[in-house]
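Everything on this sheet refers to the single structure shown next.
We use all heavy atoms of the structure for the numbers below, so side chains are in, but hydrogens, waters and symmetry mates are not. A, B, ... follow the sequence lines: proteins, then strands. Residue 1 opens every chain.
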There are 2 protein chains.
Amino acid sequence: MAEIIRLLVIDDELPIRRFLRASLDPKEYELLEAENGAEGIRITAKSNPAVVLLDLGLPDMDGVEVARSLREWTQVPIIVLSARGQEQDKIDALDAGADDYLTKPFGVGELVARIRVALRHSGRSADDPPDPVFEAGGLRVDLALRQVWRDGTEIHLTPIEYKLLALLIRHAGKVLTHKQLLTEVWGPAYEIETHYLRVYMGQLRHKLEATPAEPRYLTTEPGVGYRLRTE
Amino acid sequence: MAEIIRLLVIDDELPIRRFLRASLDPKEYELLEAENGAEGIRITAKSNPAVVLLDLGLPDMDGVEVARSLREWTQVPIIVLSARGQEQDKIDALDAGADDYLTKPFGVGELVARIRVALRHSGRSADDPPDPVFEAGGLRVDLALRQVWRDGTEIHLTPIEYKLLALLIRHAGKVLTHKQLLTEVWGPAYEIETHYLRVYMGQLRHKLEATPAEPRYLTTEPGVGYRLRTE
DNA sequence: GTCAAGACTTACGAATTCTTGACGCCTCTG
DNA sequence: CAGAGGCGTCAAGAATTCGTAAGTCTTGAC
């Protein structure tokens, strides 16, 4: 199963919070609780929940105001849970920045389904940033596409070769020790097989370096490990 | 005011369409209409509406299926409008890819507020028409119509073949691991059946590649997975 | 029941990748 | 200077993964 989803419920009524706590599988959802609007805003800022469940009838401020305040600085999905079923209440809350509105009483199944919708939405906009592409000289690696080029021509790497190169790229410029490389690529049980590294670094140099005997990018740090130079 | 928002309502009941047409300000919303699921999908592909309003009780196919079909190739917000108020109906529709669910009868104000929410989610500019057609060389796939051509002639694919191909197209260029493919196409329980992939990739190559033994598009990444090359 | 389409299974040769050992070079150190 | 150890190269065979063909099983239409 994936990681645990952190939810925040902002509601002063203990029975509702109890109900949610009892209904949501703790292996799937972590439930934070706030009893009023100010506390809800504070906890949102501090704990960065994946979704906020917001009641409208709060003791210190109106729920619509809470939604508006949150929207000033966060895009966290807000699902309003309210006993008020009047249309104008819904419109006000949705226009204030809420993403969904459920009228009490509601079924847990529907709530969870709507939470899934909210998570789908927040996940989608997150993968907008373009592919992380590493470039240095004639070497070009697209980690999202799992593709490697040298001087414009595509190079095929075996799984281990690629894993090794990707690891070096993620720590470009830094020295990675033999142990680190072996543990990450082959697994903790192989941390003494330094010979593997010599073989595979050789293969990578052969495929990627202009003059494999005098590596420009994949350099050796004698007695320590290897490093991917960035220039 | 900004430009006119194009909506598509998929509903076979004329009174509902009339009601929407009468309620929505034509200076603000342009309302397209479809009387059944197939027509709805076609119009979505052709006219790229900003939001789809979907009834569940359609004459030709279930609304949940329409949502699922749309989600195979487009991210357009889907708001379900249904007389079915059962919780399970809502869960099914939302999990099939719908973004919101209103039970009839509903107020126009609430509907419009939820449309505004949907527009907020889909991003300010709705001007990136999702291309439901994938093309590369002699290969052409219309994800909206579920049709495939090679060099102009239509190719018939079995359900699994199509699912596999559509998945590769949605991540065109990227490597999809065996596990990802098996989980998405066959389900999480099948993630070790890598042989299925070999068989079905073979069938796809046989149907789609000019020389199946030297695939140009459906390429293997040994030890990792498969990739659909775009050029 | 018959039939056909599609899904799944089995079998096996081919291709790719990984592992391993041999060998030579170099540097450091006693 | 000799020996030890780290490093790079090469290549053989072991192990794994792939592709293909052909078969069996399931399902649904007629």
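Put simply, CD on Glu214(B) is 17 Å from P on dA14(C), counting in whole angstrom units. In this structure, the OH atom of Tyr196(A) is 12 Å from the C1' atom of dG21(C), given to the nearest Å. Atom-to-atom, CG of Leu197(B) to C1' of dT9(C) comes out at 15 Å; the value is rounded to the nearest Å. Rounded to whole angstrom, the span from the CE atom of Met201(A) across to the P atom of dC7(D) amounts to 11 Å. The separation between Glu221(B) atom CD and dA15(C) atom P is 19 Å, rounded to whole Å. Atom OH in Tyr200(A) sits about 14 Å away from atom C1' in dA11(D), given to the nearest Å. Counting to the nearest Å, the C1' atom of dA22(C) and the CZ atom of Arg198(A) are 13 Å from each other. Between Glu209(B) atom CD and dG19(D) atom C1' there is a gap of 14 Å when expressed in whole angstrom units.
No more than 12 heavy atoms of other residues, nucleotides or ligands lie within 6.0 Å of CD in Glu214(A), so this atom counts as exposed by the packing criterion.
Under the 4.0 Å criterion applied to side-chain N and carboxylate O atoms, Glu72(B) and Arg68(B) are not assigned as salt-bridge partners. Using a 4.0 Å cut-off between charged nitrogen and carboxylate oxygen, Asp55(B) and Arg84(B) do not count as a salt-bridge pair.
DNA chain C is contacted by both Pro159(B) and His195(B); Pro159(B) maps to the nucleotide lying nearer its 5′ end (nearest heavy atom per residue). Remark on DNA chain D: of its neighbouring residues Gln203(A) and Pro222(A), the 5'-side contact belongs to Pro222(A), judged by nearest-heavy-atom nucleotide. Checking Gly223(B) against Thr158(B), the closest nucleotide of DNA chain C that is more toward the 5' end is the one next to Thr158(B).
When distances are taken from the side chain of Ala213(A) to each of dG19(D), dT9(D), dC7(D), the shortest belongs to dT9(D). Here the side chain of Trp186(A) is nearest to one of dC18(D), dT19(C), dG8(D), namely dT19(C). Proximity note for Val199(B) (side chain, C-beta onward) versus dC18(C), dG6(D), dT10(C): the nearest is dT10(C). Here the side chain of Thr220(B) is nearest to one of dG21(C), dG6(C), dC18(D), namely dC18(D).
Contact annotation: Thr194(B) does not reach the phosphate of dC18(D) (side-chain N/O to OP1 or OP2, under 4.0 Å). The side chain of Tyr226(A) contributes no N or O atom lying less than 4.0 Å from OP1 or OP2 of dC7(D). At least one side-chain nitrogen or oxygen of His156(A) sits closer than 4.0 Å to the OP1 or OP2 atom of dT17(C).
Not a single donor-acceptor pair, N or O on each side, falls under 3.5 Å between the base of dT9(D) and the side chain of His206(A).
With a 6.0 Å cutoff to the six-membered ring centre and a 45° limit on the axis angle, Arg140(B) does not count as a cation-pi contact of Phe134(B).
Pairing of dA21(D), defined by two Watson-Crick or G-U wobble distances under 3.5 Å, is identified with dT10(C).
Leu182(A) has its side chain within reach of Leu197(A): a pair of non-hydrogen atoms, C-beta onward, lies under 4.5 Å apart.
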